[in-house]
Amino acid sequence: MQIGAAMFFTDYSMSPIELARALEERGFESIWAPEHSHIPLSRKSPFAGGGELPKQYYDVMDPFVSLSAAAAATKTIKIGTGVCLVIQRDTIQTAKLVASLDQVSGGRFLFGIGGGWNQDEMEDHGTVFATRFKKMREQVEAMKLIWTENKPEYHGEIVDFPAMMTWPKPAQKPHPPVIVGGMFPHAARRALRYGDGWIPHSRRPHYEDVTDFLPQFRQMAAEAGRDLAEVPVTVWGVQPDYDRVRRYEEQGVARGVVQLAPEPADKTLPILDRWAKVIRSLDN
C-alpha cells in the first residue's frame, strides 16, 4: 500500500515545491492538490464534511499550477488532482492541461476527478447541477479520445465537438489514470464504468468505515467485467494509525492519502516525520 498526501495550497500554506520535496524525501508516493475556483456567498448545498466551510476552500490555488511547480522540483513522486472539478472546466482545454502536465512531469500525473457538491459554484460556470455527472462521464470519454486519437471527435448530449487535431498526447499510455472520487455506491459505479480507480473518503458522515463497502465493490467489479487491478482503491483522509493502515492494506486498498492542514513547514514537517515511520513499517 502506498501513502500520498494532500494539501490545500494557499498563500499561507507550505508551498507545493516545499511539500513535494519533503514528501519525496520521506518516501511518500504522491502529492495531491484539490480544487475550488471560488466560493459563492450564496449556499444551496451544505458542506459535505458538515459544519462551516473551512477558509482554505475560498483560498486554494489552481491545482494544475501547484502541481506543475511540484513536478519541476521533484523526480519520482507522483502528482495528482484531488480532485479536479472537471464539470466546471472546458473539456478540450482540460485534456490539453492533463497531457501537458503528464509530459512535463515525465508521466507522473494522476487525474483525480469529481462531480462536486457546491451547486452555486458550478452554476457560475454554466454547469447544470442535475446533469453534472452525465457531463463528467461525457467529458472523460471525450478526453480519452483526445489523448489517444490523432483526429478525435465526440458527440454526446452535453459535450460535442467535430474532428480536431491536438497535441501533446500524454506520456503515459494510453493516458494518465482517471481516478473517480465520491461515495458508495454511485461514485463506485462511475469508477467501474469509465475510471481507472476509485477514491472514497474515509471520514464522511454517510458511513462509519469506507472499507465496509469493499466486498460490494469487488462484487460490482466482477459484474462489470472489471479486474480490480484496473480500478484500485485510494482511501482519502487516512490517519497515522499503523494498525488501521495495515488493515487497509490487508483489505486490498492500493493507496491512502493523508489530508494535511494548509500550514507552513514548521507545523507540517513533524506530521510528515511521523508518517515516514508508518511508511517504513509498511515497507518491511
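Throughout, residue positions are numbered sequentially from 1 according to the sequence presented. Note: hydrogens, waters and symmetry copies are ignored here, and every other heavy atom, side chains too, is used.
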Between R244 (side chain) and D241 (backbone), is there a donor-acceptor pair under 3.5 Å? no

Cationic N near anionic O, under 4.0 Å, E157 to K135: no

Side-chain contact test, heavy atoms from C-beta onward, threshold under 4.5 Å: evaluate it for W198 versus T234 and give yes or no. no

Between E249 and L282, is the side-chain contact (heavy atoms from CB on, under 4.5 Å) condition met? List the steps. CA-CA 9 Å; E249 187 175 47; L282 289 173; 3.8 Å; yes

Give the intermediate values and the outcome of side-chain contact (heavy atoms from CB on, under 4.5 Å) for residues V278 and I3. CA-CA 9 Å; V278 175; I3 300 295; 5.5 Å; no

Heavy atoms of other groups near H186 NE2, more than 12 under 6.0 Å: no

Main-chain N/O of A72 paired to K75 side chain as donor or acceptor, under 3.5 Å: no

Check: S13 side chain, T10 main-chain N or O, donor-acceptor pair, under 3.5 Å: yes

I want to check something: taking the side chain as every heavy atom from C-beta on, are L110 and R255 in contact at a cut-off of under 4.5 Å? yes

Is the backbone N or O of T74 less than 3.5 Å from a side-chain atom of R21, with the two atoms forming a donor-acceptor pair by type? no

Under 3.5 Å side-chain donor-acceptor pair for N118 and H36: no

So do F213 and P200 actually touch side chain to side chain, heavy atoms under 4.5 Å? no

Closer than 4.0 angstrom, basic N to acidic O: yes or no for R43 and D120? no

Side-chain touch L101/S68, heavy atoms, less than 4.5 angstrom: yes

Using ring pair (Phe, Tyr, Trp, His ring centres under 6.0 Å), reason through F8 and Y57 one step at a time and then give a plain yes or no. CA-CA 8 Å; F8 278 76; Y57 281 73; 4.7 Å; yes

Is the shortest side-chain heavy-atom distance between K173 and T148 below 4.5 Å? no

Do the side chains of F9 and I31 get nearer than 4.5 Å, heavy atoms only? yes

Got a salt bridge between D273 and R280, using NZ or NE/NH1/NH2 to carboxylate O under 4.0 Å? no

Does the structure place the NZ or CZ of R26 under 6.0 Å from the centre of the six-membered ring of F28, at an angle of no more than 45° from the ring's axis? no

Verify the neighbour count for atom NZ of K277: are there more than 12 heavy atoms of other residues, nucleotides or ligands below 6.0 Å? no

If you measure only the distance, is there a donor-acceptor pair under 3.5 Å linking the side chains of E153 and H155? yes

Once the angle between the rings of W236 and W32 is folded into 0 to 90°, is it parallel (under 30°), tilted (30 to 60°) or perpendicular (over 60°)? perpendicular

Is a salt bridge present between K144 and E149, judged by a nitrogen-to-oxygen distance below 4.0 Å? no

Salt bridge present between E138 and K134 (N-O < 4.0 angstrom): no

Do the side-chain N and O atoms of R190 and Y194 include a donor-acceptor pair separated by under 3.5 angstrom? no

Check: Q56 and P262 side chains under 4.5 Å, non-hydrogen atoms: yes

